[in-house]
Enquirer: 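My structure is below; once you've seen it, I'll send some questions.
Each residue takes its place number in the sequence, starting with 1. Computed from heavy atoms alone, side chains included, the values below leave out hydrogens, waters and symmetry copies. Note that this is a predicted model, so its numbers are computed, not measured.
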Amino acid sequence: MVDVPTLVEQARQGHPRAVARLISLVEGASPQLRDVMAALAPLTGGAYVVGLTGSPGVGKSTSTSALVTAYRRAGKRVGVLAVDPSSPFSGGALLGDRVRMSDHASDPGVYIRSMATRGHLGGLAWAAPQAIRVLDAAGCEVILVETVGVGQSEVEIAAQADTSVVLLAPGMGDGIQAAKAGILEIGDVYVVNKADRDGADATARELNHMLGLGESRAPGDWRPPIVKTVAARGEGIDEVVASLEKHRAWMEEHGVLADRRRRRAALEVEHIAVTALRERIGDLHGDRRLDSLADRIVNGELDPYTAADELVAGLTEG
């Protein structure tokens, strides 16, 4: 058994091993997870969570690394969750973004963690919300969540981040892909990376045009900026940070930040509750109650919806 209070206190003091252990408890769905979350609850709420998403090859990891450099220059403690595809054999992360962020490996003000999706759709690991809470409680002022580039499922990042950054690159058909994937609805800041390539201006113009077509904004609403960068050389990154800070200030002024965090908490509670119910239903396979309901459906005595209502009522009462 883990000494949770001691581990949490060590994490608050910035000990990377304690942070790693807490995230491992989250990923492994430890029996002590409830104790961990209860201990962390009063310590959270201070971090600014930025999600980075986009198609494979647009330079998400390079951009994330460049943003870490910019925030560290400003004296901020930074956490990075790099969500990678899972190995079908081990369930572990395949890409290992920490290799691409090796410049920050020895910096005590940066914590980088690769997390495996473990088959979870949407580009995010199922444990990401709890891992974000661990980094928040550990004193990270900015948390960058880099998602798997999985195209149309990327919209899930919008539910987990305070601000969503969508990266595109010229010559990849990203404009059309963005429209198709619903990414135009989720971006708060758009970044055209690899802007030293031919077609960068055209990509930015096309994106600006599509944003204009799709918008139904009232005066005073946030209009997502489009920033061109060459992340590999650090060019344009200060402009991205400035756009992020402007968006954060706008959200705080209009009450949007509090609303987003409330929705995020509601979704997390819903997910935990649905998972618990699903596990209880799974335990019923071979149970007489489920078999009895199935028999009544087959015999025409009961419809599936009424049977489901009876099952849920039995689970919640029992």
Side-chain angles (χ1 to χ4, degrees), residues 8 22-23 25-27 29-30 32-53 79 81 83 115 117-138 140-148 150 152-166 181-189 216 218 221-222 224 244 247-282 308-309 311-313 315-317:
V8 169
L22 286 170
I23 294 179
L25 291 174
V26 166
E27 284 193 291
S30 164
Q32 291 182 277
L33 185 53
R34 289 175 182 272
D35 296 335
V36 170
M37 289 299 118
L40 294 179
L43 309 175
T44 59
Y48 176 42
V49 183
V50 178
L52 293 98
T53 188
L81 285 182
V83 184
M115 296 183 72
T117 56
R118 307 198 179 188
H120 183 70
L121 295 177
L124 284 175
W126 74 270
Q130 287 85 13
I132 289 169
R133 190 168 280 112
V134 171
L135 293 177
D136 187 356
C140 293
E141 296 162 274
V142 178
I143 300 172
L144 304 175
V145 184
E146 179 202 329
T147 71
V148 181
V150 291
Q152 294 182 55
S153 299
E154 290 287 63
V155 293
E156 188 179 309
I157 186 60
Q160 299 298 339
D162 296 325
T163 297
S164 295
V165 178
V166 176
I183 281 176
L184 292 180
E185 284 85 47
I186 68 153
D188 298 307
V189 176
S216 55
D221 282 358
W222 176 256
L244 292 173
H247 184 242
R248 182 180 187 175
W250 176 85
M251 287 192 296
E252 289 174 344
E253 182 185 343
H254 292 82
V256 175
L257 185 60
D259 284 344
R260 287 192 176 191
R261 291 180 174 179
R262 199 159 32 243
R263 283 202 303 271
R264 195 155 79 215
L267 280 170
E268 191 175 354
V269 171
E270 180 184 328
H271 175 73
I272 292 167
V274 168
T275 300
L277 281 172
R278 189 179 293 125
E279 287 173 356
R280 291 181 69 178
I281 290 171
D309 288 343
L311 181 61
V312 170
L315 285 172
T316 51
E317 288 167 9

Enquirer: Identify the two heavy atoms, one from L81 and one from A128, that lie closest to each other, and give their separation to 0.1 Å.
Expert: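 What the structure gives for the nearest pair is CD1-O, 4.0 Å.
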
Enquirer: Please list, one pair per line, the donor and acceptor atoms closer than 3.5 Å that link side chains of residues 33-45 to other protein atoms, with sequence neighbours excluded.
Expert:
from: T44; atom 1: OG1; to: A41; atom 2: O; distance (Å): 3.0

Enquirer: Run R261 and V49 through side chain to side chain contact (heavy atoms under 4.5 Å, CB included) and show every step you take.
Expert: CA-CA 10 Å; R261 291 180 174 179; V49 183; 5.7 Å; no

Enquirer: Find out whether V50 and V189 are in side-chain contact, i.e. whether some heavy atom of one side chain is under 4.5 Å from a heavy atom of the other.
Expert: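 Heavy-atom side-chain distance check fails, nothing below 4.5 Å.
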
Enquirer: Just jot down the side-chain hydrogen bond (donor to acceptor under 3.5 Å, both in side chains) partners of R264, sequence neighbours excluded, or say none.
Expert: D162

Enquirer: At their closest point, which heavy atom of I143 faces which heavy atom of I132, and how far apart are they?
Expert: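 Looking at all heavy atoms of both residues, the shortest contact is CD1-O, 3.5 Å.
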
Enquirer: Can you sort out the partners of E252 under salt bridge (Lys or Arg N to Asp or Glu O under 4.0 Å), two or more places apart, ordered by chain and number?
Expert: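 By the salt bridge (Lys or Arg N to Asp or Glu O under 4.0 Å) rule, E252 matches R248.
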
Enquirer: Quick one: CG on L277 to CD1 on I272, what's the gap to the nearest 0.5 Å?
Expert: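 Reported to 0.5 Å precision, the distance equals 12.5 Å.
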
Enquirer: Going by side-chain contact (heavy atoms from CB on, under 4.5 Å), name the residues that satisfy it together with V274, two or more places apart in sequence or in a different chain.
Expert: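 If we apply the side-chain contact (heavy atoms from CB on, under 4.5 Å) test to V274, skipping adjacent residues, the hits are E270, R278.
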
Enquirer: Is a donor on one side and an acceptor on the other found under 3.5 Å between the side chain of W222 and the backbone of H247?
Expert: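 Between the backbone of H247 and the side chain of W222 there is no qualifying donor-acceptor contact (under 3.5 Å).
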
Enquirer: If you measure from the Lys or Arg side-chain nitrogens to the Asp or Glu carboxylate oxygens, is any gap between D136 and R133 under 4.0 Å?
Expert: no

Enquirer: Any non-hydrogen side-chain atom of L244 less than 4.5 Å from a side-chain atom of D188?
Expert: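 Not in contact.
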
Enquirer: Rounded to the nearest 0.5 Å, what separates atom CG in L257 from atom OH in Y48?
Expert: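 Answer for the CG-OH pair, L257 versus Y48, is 8.0 Å.
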
Enquirer: Minimum heavy-atom separation for G51 and A161, please, with both atom names.
Expert: N-CB, 3.5 Å

Enquirer: Do the side chains of H271 and L267 get nearer than 4.5 Å, heavy atoms only?
Expert: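 When only atoms from C-beta onward are counted, H271 and L267 do not touch, as no gap falls below 4.5 Å.
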
Enquirer: Who pairs with D309 by side-chain contact (heavy atoms from CB on, under 4.5 Å), at least two apart in sequence or on another chain?
Expert: none

Enquirer: Closest approach of M115 and A131, non-hydrogen atoms and distance?
Expert: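 Smallest heavy-atom distance, with atoms named: SD-CB, 3.8 Å.
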
